[in-house]
**Student:** 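Next up is a structure, given as structure tokens.
This is a predicted model, so every value here is computed, not measured. Here is the naming used below: chain letters follow the sequence lines, and residue numbers restart at 1 for every chain.
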Amino acid sequence: MRWTQSFIRTLRDAPREAEAISHKLMLRAGLARRLSAGLYTYLPLGLRVIRKVEDIVRQEMNKKGAQELLMPILQPKEIWEQSGRWDDKELGMLKLKNREEREFVLGPTHEEIITDLVSREVRSYKELPLNLYQIQTKFRDEMRPRFGMIRAREFIMKDAYSFHVDESSARKGYQDMSEAYSNIFRRCGLKTQVVEADPGAMGGSKSEEFIALADTGEDIIVFCAQCSYAANLESAQRGAEALGKSTEKMKSVKELKTPNIKTIEQLKDFLREKPEKMIKTLIYLADEKIIAALISGHRELSEVKLRKNLKCENLEMADEKLIEEVTGGPLGFSGPVGLKKVKIIADVGVTKIVNGITGANKRDKHIRNVNMGRDYNPDEVADISIVREGDRCPKCSGKLAVRRGIEVGHIFNLGRRYSQRLGAKFLNEKGQERLAIMGCYGIGITRTVAAIIEQNHDENAILWPMSVSPYQVHIILLNVNSRETVKVADNLYNQLTGEGVEALLDDRDERAGVKFKDADLIGVPLRLTISPKRVSEKKVEIKCHRDGKEFLVAIEQAREKVKELIHENG
RNA sequence: CGGGGUGUAGCGCAGUUUGGUUUAGCGCGCUUGCUUCGGGAGCAAGAGGUCGGCGGUUCAAAUCCGCCCACCCCGACCA
């Protein structure tokens with residue numbers, strides 16, 4: 001592509017709206033433009049990157065025997081009622097009606113459609129396993145789109161669905177996708193961490209997320225520096241802490257006046273005591289049952305873990321009224337001592353607290369020197385708190401690290417949930433009717449592009465991996481008024497292009513500085529600089545953007561060198 | 001949906017506190033000409049604005065008041 005004939009638009013300054021680095025660079029390099037919150041136009045340069053990622057995805061999916069198809073975006077209400085998800089609030093469904101008041105949804109995901117299709121087409125175990133996928137725009141009416149293309153209302157997704165005769169086939173299918181995903185992200189130049197996840201709205205038994213580590217990520221994950229343990233912050237576990245027996249002797253309980261001191265933070269300042277000494281008492285309503293959760297003052301409760309422990313459907317914090325009813329004291333002054341008719345569940349960390357401080361269940365009062373076993377007895381001790389940086393790994397007792405990341409892929413074993421509701425049945429070898437076991441596997445294509453930038457950039461430049469770069473080589477023609485130089489640039493451009501190399505020729509009548517800055521920004525990994533000075537020496541310069549390596553080569557050797565470097569960086 | 005912030009030319013901003021030399025400026029970008037030409041050039045001449053919208057106060061509103069809208073950040077929520 002010749003720059004003068006292209007629709008490449010770069011910006012010197014990032015629009016104010018952009019905060020995340022990938023967002024800024026995408027706008028500045030002219031990959032995309034915003035239409036409205038979470039809605040973007042992909043410009044030619046951005047679309048080239050998207051297509052590259054899609055190609056990699058296709059290759060790796062096809063390698064595992066998956067087949068591409070394309071399903072409708074507009075989906076009728078009825079099929080979603082069949083699956084029981086029409087009123088699902090987690091999916092952010094964008095619903096609409098046509099002229100006849102018939103209701104539709106713009107597809108946020110396609111389990112319903114694919115399962116319906118397969119249920120109509122597949123009759124025999126001989127046709128299974130089957131893995132079908134598509135790459136398509138998805139719609140989610142996000143409450144808060146953010147970070148540019150990391151959380152958008154409309155985005156491109158690769159979604160695959162597999163159908164199996166039994167568990168072992170389903171496991172194999174899941175494993176295949178896990179491998180494909182690792183290959184895809186590696187080829188895209190992304191470092192990802194696989195973490196166990198909560199299946200959430202998708203349902204099913206097992207799911208794992210592929211998280212690209214990045215500071216502007218929305219997900220927080222925990223992983224062990226020593227072994228392979230990794231999990232979502234909310235569900236990460238921690239190993240037993242060294243329960244070094246405190247030498248502190250138990251003292252007798254004392255009531256403290258703490259006027260209007262309701263939070264740990266306030267209490268810390270007021271009493272000048274460490275939060276580790278404090279026992280936070282949180283009252284929850286779990287499926288109509290009232291429970292009290294005890295957490296050490298410096299930790300946070302994990303509702304995910306608590307819910308899992310209680311095996312309850314609904315878990316919500318009690319309101320002020322209920323707290324008064326249950327504890328006898330107002331919000332902010334709850335404590336385990338003297339609590340009755342309430343199940344008390346204590347975090348493992350709380351067992352360590354000697355002479356703790358906690359609410360007195362009376363207005364403006366806390367109590368000091370509270371000890372488990374003597375002053376109160378929890379009904380259960382469990383790991384219900386959120387992991388902190390430096391906690392012990394539950395597997396190998398190494399140190400756990402807490403990092404932000406972007407969820408770029410998610411794989412699920414769905415079991416029979418959808419085949420049950422949408423009737424995806426087949427006949428087995430014995431002629432018996434059976435429900436297919438399903439899996440579904442998603443990759444956020446546009447989000448992956450953003451994640452690649454998050455992991456491959458510096459302050460003023462994208463550093464594309466060759467595999468996804470919009471062009472393979474960026475030819476900078478310095479001085480368009482030098483006939484000889486233009487001729488050399490044209491020839492090289494034509495030859496390279498003719499040989500299938502994706503080249504961008506900056507043939508604008510701009511000064512060198514402008515061209516170099518734009519080349520940095522756009523971030524094509526190879527740069528070929530053609531200047532009158534070098535041409536008079538019958539040479540051209542080749543530079544690798546990422547590592548800064550430079551080569552001065554004879555004009556007639558440039559083609560081969562470029563191809564060699566593309567290959568090396570491929 | 002709760003909390004905070006921002007809306008002035010394509011992009012970045014000043015002006016708003018204290019209404020009136022502001023016919024609303026500046027930098028970049030854009031157009032034309034000349035010079036320049038290896039890291040965001042110089043000079044000259046131009047084009048480009050419902051000051052987010054509606055309503056109000058006032059002799060007078062970018063500026064004060066009210067309502068609304070949009071966008072961003074934190075939270076809640078989230079393949």
**Student:** Between A:Gln136 and A:Met71 (side chain of the first, backbone of the second, donor and acceptor by atom type, cut-off under 3.5 Å), is there such a pair?
**Tutor:** yes
**Student:** From C-beta outward on A:Ala37, which listed nucleotide comes closest to its side chain: B:G40, B:C71, B:G75?
**Tutor:**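 The nucleotide sitting nearest to the side chain is B:C71.
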**Student:** Which nucleotide, if any, forms a Watson-Crick or G-U wobble pair with B:G29, using both distances under 3.5 Å?
**Tutor:**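 In the structure as shown, B:G29 has no Watson-Crick or wobble partner.
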**Student:** Take A:Asp520 and A:Ala20, find for each the nucleotide of RNA chain B with the closest heavy atom, and name the residue whose nucleotide sits nearer the 5' end.
**Tutor:**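 The 5'-side residue here is A:Asp520.
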**Student:** Determine whether the side chains of A:His23 and A:Tyr40 contain a donor N or O and an acceptor N or O closer than 3.5 Å.
**Tutor:** yes
**Student:** Which nucleotide in the list B:G75, B:U36, B:A79 gets nearest to the side chain of A:Arg511?
**Tutor:** B:U36
**Student:** Does A:Ser36 place a side-chain N or O at less than 4.0 Å from the phosphate oxygens OP1/OP2 of B:C71?
**Tutor:** yes
**Student:** A:Glu510 side chain: which of B:C77, B:C30, B:C72 is closest?
**Tutor:**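 The closest nucleotide is B:C30.
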**Student:** First locate atom CG of A:Leu331, then atom CD1 of A:Ile283, and finally report the distance between them rounded to the nearest 0.5 Å.
**Tutor:**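 The CD1 atom of A:Ile283 is 10.0 Å from CG of A:Leu331, to the nearest 0.5 Å.
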**Student:** B:A61 and B:G56: how far apart are their C1' atoms, nearest whole angstrom?
**Tutor:**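 Straight-line distance between the two C1' atoms is 11 Å.
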**Student:** Roughly how far, to the nearest 0.5 Å, is the CZ atom of A:Phe104 from the CG atom of A:Leu96?
**Tutor:**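 Answer rounded to 0.5 Å: 8.0 Å.
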**Student:** Quote, to the nearest angstrom, the C1' distance that separates B:A62 from B:U16.
**Tutor:** 7 Å
**Student:** Quick check on the 6.0 Å ring-centre criterion: do A:Phe185 and A:Phe210 meet it?
**Tutor:**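 Here the rings of A:Phe210 and A:Phe185 have centres that are less than 6.0 Å from each other.
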**Student:** Between B:U17 and B:G55, how far apart are the two C1' atoms, rounded to whole Å?
**Tutor:** 24 Å
**Student:** For B:C68 versus B:C1, give the span between their P atoms, rounded off to a whole number of Å.
**Tutor:**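 B:C68 and B:C1 have their P atoms separated by 12 Å.
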**Student:** Whole-Å distance between B:C74 C1' and A:Ile220 CD1?
**Tutor:**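 Interatomic distance, CD1 of A:Ile220 to C1' of B:C74: 13 Å.
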**Student:** Does A:Ile530 reach a base, just sugar-phosphate, or nothing at all? Heavy atoms under 4.0 Å.
**Tutor:** nothing
**Student:** Using a heavy-atom cut-off of 4.0 Å across all strands, would you classify A:Glu541 as base, sugar-phosphate, or nothing?
**Tutor:**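 Here A:Glu541 touches the bases of the nucleic acid.
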**Student:** Please report the distance separating the C1' of B:C28 from the corresponding atom of B:G40, rounded so that it comes out in whole Å.
**Tutor:**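 Pairwise C1' distance, B:C28 against B:G40, rounds to 9 Å.
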**Student:** Expressed as a whole number of angstroms, how long is the span from A:Met157:CE to B:A79:P?
**Tutor:**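 Going from A:Met157 (CE) to B:A79 (P), I get 11 Å.
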**Student:** Using the C1' atoms only, state how far B:G2 lies from B:A14, rounded to an integer number of Å.
**Tutor:**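 It comes out at 33 Å once rounded to the nearest Å.
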**Student:** Sugar-phosphate means primed atoms, P, OP1 and OP2; the rest is base. With that split, encode nucleotides 6-13 of chain B 5' to 3' as B, S or - using protein heavy atoms under 4.0 Å.
**Tutor:** S-S--SSS
**Student:** Calculate the interatomic distance between A:His545 atom NE2 and B:G39 atom P; express it in whole Å.
**Tutor:**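 After rounding, the reported distance stands at 17 Å.
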**Student:** For the pair A:Arg388 and A:Glu300, find out whether any cationic side-chain nitrogen is under 4.0 Å from an anionic carboxylate oxygen.
**Tutor:**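 No salt bridge links A:Arg388 with A:Glu300.
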**Student:** Under a 3.5 Å cut-off for both contacts, is B:U58 paired Watson-Crick or G-U wobble with anything, and if yes, with which nucleotide?
**Tutor:** none
**Student:** Could you state the atom-to-atom distance from CE of A:Met143 to C1' of B:C74 in whole Å?
**Tutor:** 16 Å
**Student:** At under 4.0 Å between heavy atoms, what does A:Arg28 touch on the DNA or RNA strands: base, sugar-phosphate, or nothing?
**Tutor:**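 Result for A:Arg28 = base.
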**Student:** Would you measure the distance from the P atom in B:U36 across to the matching atom in B:C43 and give it in whole Å?
**Tutor:** 16 Å
**Student:** If I pick the C1' atom on B:G66 and the same atom on B:G29, what distance separates them, to the nearest angstrom?
**Tutor:** 38 Å
**Student:** Between atom CG in A:Leu233 and atom C1' in B:A76, what is the gap in whole Å?
**Tutor:** 16 Å
**Student:** What nucleotide, of B:C73, B:C78, B:G39, holds the atom closest to the side chain of A:Glu90?
**Tutor:**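 For A:Glu90, the side-chain atoms sit closest to B:C78.
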**Student:** Rounded to whole angstrom units, what separation is found between the CD atom of A:Gln136 and the P atom of B:A79?
**Tutor:** 19 Å
**Student:** Looking only at atom types and distance, does a side-chain atom of A:Asp159 sit under 3.5 Å from a main-chain N or O of A:Tyr161, one as donor and one as acceptor?
**Tutor:**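 Checked: no pair found.
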**Student:** How would you list, by chain and number, every residue that makes a salt bridge (charged side-chain N to carboxylate O under 4.0 Å, His left out) with A:Lys305, sequence neighbours excluded?
**Tutor:** A:Asp383
**Student:** How would you label the contact of A:Arg33 with the nucleic acid (heavy atoms, under 4.0 Å): base, sugar-phosphate, or nothing?
**Tutor:**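 Since no nucleic acid heavy atom lies under 4.0 Å of A:Arg33, the category is nothing.
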**Student:** Would you mind classifying the nucleic acid contact of A:Asp159 as base, sugar-phosphate or nothing, using non-hydrogen atoms under 4.0 angstrom?
**Tutor:**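 The residue A:Asp159 makes no contact with any strand.
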**Student:** Establish, with yes or no, whether the OP1 or OP2 oxygen of B:C74 is under 4.0 angstrom from a side-chain nitrogen or oxygen of A:Arg146.
**Tutor:**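 Yes, because at least one side-chain N or O of A:Arg146 sits under 4.0 Å from OP1 or OP2 of B:C74.
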**Student:** So, is A:Arg508 close to the B:G29 phosphate, meaning a side-chain N or O under 4.0 Å from OP1 or OP2?
**Tutor:** no
**Student:** Expressed as a whole number of angstroms, how long is the span from A:Asp506:CG to B:G40:C1'?
**Tutor:**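 Spelled out: CG on A:Asp506 to C1' on B:G40 is 13 Å.
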**Student:** Quick one about A:Tyr418 and A:Arg85 (side-chain donor to acceptor, distance below 3.5 Å, no hydrogens or angles considered), yes or no?
**Tutor:**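 Yes - a donor-acceptor pair under 3.5 Å links their side chains.
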**Student:** Assign A:Phe147 to base, sugar-phosphate, or nothing according to its heavy-atom contacts below 4.0 angstrom with the strands shown.
**Tutor:** sugar-phosphate
**Student:** Using whole Å, report how far CG of A:Leu477 lies from C1' of B:C37.
**Tutor:** 12 Å
**Student:** Inspect the contact between A:Arg527 and A:Asp520 and indicate whether a charged nitrogen and a carboxylate oxygen are less than 4.0 angstrom apart.
**Tutor:** yes
